[in-house]
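Inspection log for the structure reproduced underneath, given as structure tokens.
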Number of protein chains: 2
Amino acid sequence: MDDGTQHAPLCTDSDGDYDVLQWDTREDCEVRQILDRVADKWSLLVIALLDRRSLRFTELRRKIDGISQRMLTVTLRQLERDGIVRRTVHPVVPPRVDYELTPLGATLHDTIRSLVTWTERHQNEIAAARAAYDTRVEAEKETADQEAAERDALAREVLAGRR
Amino acid sequence: MDDGTQHAPLCTDSDGDYDVLQWDTREDCEVRQILDRVADKWSLLVIALLDRRSLRFTELRRKIDGISQRMLTVTLRQLERDGIVRRTVHPVVPPRVDYELTPLGATLHDTIRSLVTWTERHQNEIAAARAAYDTRVEAEKETADQEAAERDALAREVLAGRR
DNA sequence: CGGAATCCGCCACGATACTG
DNA sequence: CAGTATCGTGGCGGATTCCG
């Protein structure tokens with residue numbers, strides 16, 4: 001329809017109380033909705049797998065461990081509707097359907113890829129951070145329980161003295 | 001713990017039947033889980049908002065339209081646990097808690113940012129693709145209904161002739 | 001103000017069965 | 001093989017209440 005470079009009716013009004021250069025976070029903003037689709041659990045995997053090649057339905061199903069055929073269908077339909085994936089039906093028996101990225105989808109692939117790469121690259125740091133956090137929380141819980149016990153003991157003493 | 005550049009116990013064995021250079025998509029792979037967190041609906045917004053500045057709990061709440069305080073709390077806790085966000089409590093009354101990206105979180109911010117930028121930049125194309133898709137599907141439904149009606153009419157004729 | 005804890009509705013998703 | 005259709009449920013997330 002158009003070249004997609006114009007900013008169009010972006011939701012960038014109201015909320016002028018803080019920095020206007022802040023991108024929009026309003027609930028009805030379309031960017032939010034698209035972001036949800038694109039950053040979806042299954043969408044990420046599908047897009048990442050369709051890197052410069054086409055795959056059949058069953059191939060995708062096999063490569064993505066744990067996905068149900070229903071979710072794969074739904075995900076592919078959404079991506080097709082958004083113009084990110086192209087669906088090609090070969091009228092043969094048995095039926096054969098190929099999926100591949102559109103040019104638009106290809107531009108998204110790079111971004112998705114960098115997200116995946118980041119995750120792979122930092123998974124050790126994250127695992128370490130989680131372990132450290134859990135340890136810290138556990139330790140705080142310990143001391144909290146101790147102090148509670150001490151307060152309890154003190155309270156009992158006071159009560160005993162009064163009586 | 002370490003510099004995070006080593007690839008460590010990546011889940012890259014088994015499934016040697018196709019290209020091994022394919023990154024892992026197995027359900028139990030840790031990358032999958034981290035990806036889900038990082039690409040989460042609310043996490044994206046929080047990380048994007050904490051660009052080189054710290055924000056208070058209520059500030060984040062106000063800026064992210066539609067988030068409940070529960071989900072903001074949960075999201076922030078997860079990000080803190082993953083070492084992406086730092087939480088700073090100021091012991092004053094009324095309580096004041098600041099959130100900011102850690103160095104690790106800052107490296108993620110760039111990637112998130114590019115995802116958001118991509119979405120902003122292509123939202124018109126996507127909207128157009130959706131409209132085209134919906135139109136196409138609607139048209140196919142029309143013809144399908146017509147053909148069904150024709151078959152129905154033909155069947156009635158045949159039945160009438162038989163009787 | 002910044003949570004934690006509890007309750008609960010609802011729908012996203014999986015499992016299953018059936019078609020072209 | 002590549003779906004659609006239907007049903008059942010687990011858990012995500014909203015609303016509410018209470019606390020430091």
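Protein chains get the first letters and strands the later ones, always in sequence-line order, with residue 1 at the start of each. Values reported hereafter were calculated over all heavy atoms of this structure, with side chains retained and with hydrogens, waters and symmetry mates removed.
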Q. Does the B:T102 side chain pair with the main chain of B:R86, one donor and one acceptor, at a distance under 3.5 Å?
A. no

Q: Considering non-hydrogen atoms only, spot the tightest contact between B:L115 and A:V38 and give its length.
A: CD1-CG1, 3.8 Å

Q.
Please report the distance, rounded to the nearest Å, between CG in B:L60 and P in C:dG3.
A. 10 Å

Q: Kindly give the heavy-atom pair with the smallest separation between A:E100 and A:S54, and that separation in Å.
A: CB-CB, 3.8 Å

Q | Nucleotide nearest A:P95 (side chain, heavy atoms from C-beta), chosen from D:dC1, D:dG3, C:dG3 | A | D:dC1

(Q) Expressed as a whole number of angstroms, how long is the span from B:E80:CD to C:dG3:C1'? (A) 13 Å

(Q) Between B:D40 and B:W42 (side chain of the first, backbone of the second, donor and acceptor by atom type, cut-off under 3.5 Å), is there such a pair? (A) yes

Q: Check every atom of C:dG3, D:dC1, D:dG20 against the side chain of A:R56 and return the nucleotide holding the closest atom.
A: D:dC1

Q) Within the distance-only criterion (no hydrogens, no angle test), does the side chain of A:E59 pair as donor or acceptor with the backbone N or O of A:R56 below 3.5 angstrom? A) yes

Q.
Using whole Å, what does the distance between atom P of nucleotide C:dC1 and atom CG of B:L55 come to?
A. 16 Å

**Q.** Interatomic distance where CD1 belongs to A:I67 and P belongs to C:dA12 [whole Å]
**A.** 16 Å

Q. Rounded to the Å, how far apart are A:Q69 CD and C:dA12 P?
A. 18 Å

Q | OP1 or OP2 of C:dC1 under 4.0 Å from side-chain N/O of B:R61 | A | no

Any N/O pairs under 3.5 Å between the protein and nucleotides 6-13 of chain D? List them or say none.
| from | atom 1 | to | atom 2 | distance (Å) |
| --- | --- | --- | --- | --- |
| D:dG13 | N7 | B:R70 | NH2 | 3.0 |

Q. Among D:dC1, D:dT4, C:dC1, which is the nearest nucleotide to the side chain of A:P94?
A. D:dC1

Q) With sequence neighbours left out, what residues match A:W118 under ring pair (Phe, Tyr, Trp, His ring centres under 6.0 Å)? A) A:H122

Q: Grab the OH-C1' distance between A:Y99 and D:dG3 for me, whole Å please.
A: 8 Å

